[in-house]
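Handing you this structure, nothing more for now.
First the proteins, then the strands, lettered A, B, ... as listed; each starts at 1.
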Amino acid sequence: MTLRLFNTLSGQLDPLIPLDGKALGMYACGPTVYDYGHIGNFRTFLHIDVLRRFLRLTGVEVRQVMNITDVDDKIIRNAAAAGQPIGAYTAPYEEAFFADLDALRIERPELIARATDHIPQMAALIERLAKAGAAYRTDDGSWYFRIAAFPAYGKLSKKDLSGMEDGARVDVDDYEKDSARDFALWKAAKPGETSWETPLGRGRPGWHIECSTMAMEYLGESFDLHAGGEDLIFPHHENEIAQSETATGKPFARHWMHVRFLLVDGRKMSKSEGNFYTLRDLLLKGYRASAIRLALISVPYRHPLNFTFDSLADSTGAIDRLRTFRARLVSGPFPEGQNPALEAAALAAREAYRAALANDLNTADARAPVFDLVRSANTAMDKSEFFLGNRAAVLAVLEDFDAVFAVIADHDAEATRRALAWARGSGRMDSVAPELVASASISDAEVDTLVAERNQAKKQRNFARADAIRAQLAAKGIVIEDSKDGTRWKRK
RNA sequence: GCACCGGUGGCGAAGUGGCAAACGCGCUGGUCUGCAAAACCAGUAUUCACGGGUUCAAAUCCCGUCCGGUGCUCCA
């Protein structure tokens, strides 16, 4: 089943197939490590994760490169303010970024590339552009890309640049450039700033050249897919295309995927609006990592997502339903035999699920057949019409679902535990939800003991004691479920 | 200002010409249970911002209006 994915460059759904017939080469713009990642960042990374997981589910090998921008103006400024070398300043944020990816079950790209490890290659690419007459040096020692050298400029963002020419609306005198639209390739070092000695002079790379260089270094001059947040379309990705294609004369990325923005309460998330959340903020409020993941991927990537706390509660409920069902499916017991109607339903569900994802990664649509099957299977179980022979096919649907959505298998406790350890280590315990502290104060073994004691009390029909234990556990966020096959419990 | 996107039930959201509109959450009632929880059943939009139009047929296409958002600058 071939994925048809919207291509910003062509403006239509295009099949996404590896150019070399082996592995899909994709480059995703990664983080600038000057702060903790917020949920808007992660919406983008999560949808890229959905993409790569779906490709692999359908048998397409993936070679993904992600950059880490570990040098830029903000980093240089903040590190200087902290009196640290930039590497010492960025290291903890880079580490936090990877911890956050783990919490959200975002797979690691095959290759991580740091900007500071590729300075010579960047300088070489700029020299190549200079030789082609597309880059020039200004008096202060900075280098710029000459947009006039690339007539196709604007083809990705579909901008008509004729209305943005130098003149009335842009004060050219503010820039030491030939044209106001020309962008920086290399920034000359200012006294005391972190810089590198290169044939171009002392300085540091611009942001755009970083991605062009590393993408081509690891994926070749032409490759399959370039992805990122919608805000990168212009100017970042437009500039990458201009630089790369001018240098090589070949098409850069064939396919461009852009994830639309996350809004919070209907507005763009920003620190000044007071609606800004990092992943850590949410974990420490007691929301599960899996619920955050599901909430951020359930709205397809080409629609803006309006994030609310209701959406997290919604996702928590949906995940509980799936997990409870999976536990019931695995534990049985079911009689020998086979229910042909259910078997057919399972096969159809799997087909519909994959078809929905193959249609431009329609995650919302893909959920529907899975939940439909859960209901049919539960109904069959209630009526004793579910047999041992049905288990594998139904389980296969859940496995397909989790291969992409990755929320049924429960890794939440670990993510929360780490967030708590981080809060403790960085003096943020006052922002932790009290329920979370309460839940963390009781171990699984202690819960098991209390549950056993409650079962004993129930057997003796001492319901007062049994209910008291249930209430005690509930206060720590533990929910108890009795069934004829025993008592299950879970953390809320 | 220019450009783009969107307005579907209590909430999120799919659906872009043809069965009175998926799925999830929530709520109400029922079954089950010592009581709960879980699960199941039933109910929860005759209708898709509004006004025109095209069509045998429109939530879906066209025109207009209103409302919301985003981009045009660092930004996922």
Practice task
Please confirm whether A/Lys268 makes a cation-pi placement over A/Phe261, using NZ or CZ under 6.0 Å from the six-membered ring centre and within 45° of the ring normal.
Solution key: yes
Any strand, both distances under 3.5 Å, Watson-Crick or G-U wobble: B/A39 pairs with B/U31
inquiry  = Expressed as a whole number of angstroms, how long is the span from A/Asn378:CG to B/U31:P?
reply    =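 For the pair A/Asn378 CG and B/U31 P, the rounded distance is 20 Å.
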* Asked: Touch check for A/Leu232, heavy atoms < 4.0 angstrom, all strands: base, sugar-phosphate only, or nothing?
  ->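 Counting heavy atoms under 4.0 Å across all strands, the contact made by A/Leu232 is with sugar-phosphate only.
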Does OP1 or OP2 of B/G15 have a side-chain N or O of A/Asn362 closer than 4.0 Å?
->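 Result: yes.
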**Item:** Same-atom distance (C1') from B/C40 to B/C48, integer angstrom
**Value:**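 It comes out at 31 Å once rounded to the nearest Å.
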**Item:** Interatomic distance, A/Asp73 CG vs B/U73 P [rounded to whole Å]
**Value:**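 Distance check: A/Asp73 CG to B/U73 P gives 17 Å.
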Need the pair for B/G1. Rule: Watson-Crick or G-U wobble, both distances under 3.5 Å, any strand; none if unpaired.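 For B/G1, the partner nucleotide comes out as B/C72, under the 3.5 Å rule.
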Should A/Lys268 be listed as having a side-chain N or O under 4.0 Å from OP1 or OP2 of B/G71?
-> yes
In whole Å, what separates the C1' atom of B/C2 from that of B/C19? 44 Å
Worksheet item: Under 4.0 angstrom, heavy atoms only, what part of the nucleic acid is A/Leu262 near: base, sugar-phosphate, or nothing?
Response: base
- Query: With both distances under 3.5 angstrom, what nucleotide forms a Watson-Crick or G-U wobble pair with B/G9?
  - Reply: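 In the structure as shown, B/G9 has no Watson-Crick or wobble partner.
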Exercise for review: Look at atom NZ of A/Lys155 and say whether more than 12 heavy atoms of other residues, nucleotides or ligands are closer to it than 6.0 Å.
Suggested key: yes
Whole-Å distance separating the CD1 atom of A/Ile478 from the P atom of B/A36:
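To the nearest whole Å, that distance equals 22 Å.
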Between B/A76, B/A14, B/G24, which nucleotide has the shortest distance from any of its atoms to the side chain of A/Arg375?
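Selected nucleotide (nearest to the side chain): B/G24.
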B/G26 and B/C61: how far apart are their C1' atoms, nearest whole angstrom? 35 Å
Do the side-chain N and O atoms of A/Arg491 and A/Ser439 include a donor-acceptor pair separated by under 3.5 angstrom?
yes
Exercise. With both distances under 3.5 Å as the test, what is the Watson-Crick or G-U wobble partner of B/G64?
Worked result: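 Looking at the geometry, B/G64 pairs with B/C50.
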Residue-phosphate contact under 4.0 Å: A/His303 side-chain N/O, B/G69 OP1/OP2:
no
| NA contact type, A/Ala364, heavy-atom cut-off 4.0 Å: base, sugar-phosphate, or nothing? |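 Base contact.
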Base of B/G24 paired with side chain of A/Asp314 (donor-acceptor, under 3.5 Å):
yes
Checklist line | Side-chain N or O of A/Asn41 closer than 4.0 Å to phosphate OP1/OP2 of B/A76 | finding: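 Checking A/Asn41 against B/A76: at least one side-chain N or O falls below 4.0 Å of OP1 or OP2.
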Is A/Arg470 side chain donor-acceptor paired with the B/C35 base, going by distance under 3.5 Å alone?
-> yes
NA contact type, A/Pro300, heavy-atom cut-off 4.0 Å: base, sugar-phosphate, or nothing?
sugar-phosphate
Testing B/G24, B/A22, B/C40 for proximity to the side chain of A/Asp382, the answer is B/C40
Could you tell me how far apart A/Met381 (CE) and B/A38 (P) are, to the nearest whole angstrom?
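From A/Met381 CE to B/A38 P: 17 Å.
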Which of A/Arg105, A/Arg293, A/Arg323 passes salt bridge (charged side-chain N to carboxylate O under 4.0 Å, His left out) with A/Asp412? Answer is A/Arg323
- prompt: Among B/A36, B/A39, B/A76, which is the nearest nucleotide to the side chain of A/Arg328?
  reply: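 Nearest listed nucleotide: B/A39.
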> Does A/Arg181 put a side-chain nitrogen or oxygen below 4.0 Å from OP1 or OP2 of B/U73?
Replying inline: yes
Practice prompt. Output yes when A/Asp482 and A/Arg454 qualify as a salt bridge under the 4.0 Å nitrogen-oxygen rule, no when they do not.
Written response: yes
- To the nearest Å, how far apart are A/Phe276 CZ and B/C75 P?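 The answer, rounded to whole Å, is 15 Å.
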Between A/Arg454 and A/Asp310, whichever has its closest RNA chain B nucleotide further toward 5' is A/Asp310
**Q.** With A/Arg288, the side-chain hydrogen bond (donor to acceptor under 3.5 Å, both in side chains) member among A/Asp320, A/Thr316, A/Asp410
**A.**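 One option only clears the test, and that one is A/Asp320.
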Check your understanding: Does A/Thr379 make a side-chain N or O approach to OP1 or OP2 of B/C41 shorter than 4.0 Å?
Key ->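 Affirmative; the distance criterion is met.
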Rounded to whole angstrom, note down the P distance from B/C11 over to B/C4.
->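 Going atom to atom, P in each nucleotide, I get 30 Å.
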Practice prompt. Establish, with yes or no, whether the OP1 or OP2 oxygen of B/G69 is under 4.0 angstrom from a side-chain nitrogen or oxygen of A/Arg267.
Written response: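 Looking at the OP1 and OP2 atoms of B/G69, one of them is under 4.0 Å from a side-chain N or O of A/Arg267.
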Please measure how far the P atom in B/C25 lies from the corresponding atom in B/C41, and state the result in whole Å.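 Comparing P positions in B/C25 and B/C41 gives a spacing of 13 Å.
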Item to complete: Indicate yes or no: at least one non-hydrogen side-chain atom of A/Val50 is less than 4.5 angstrom from one of A/Arg53.
Response: no
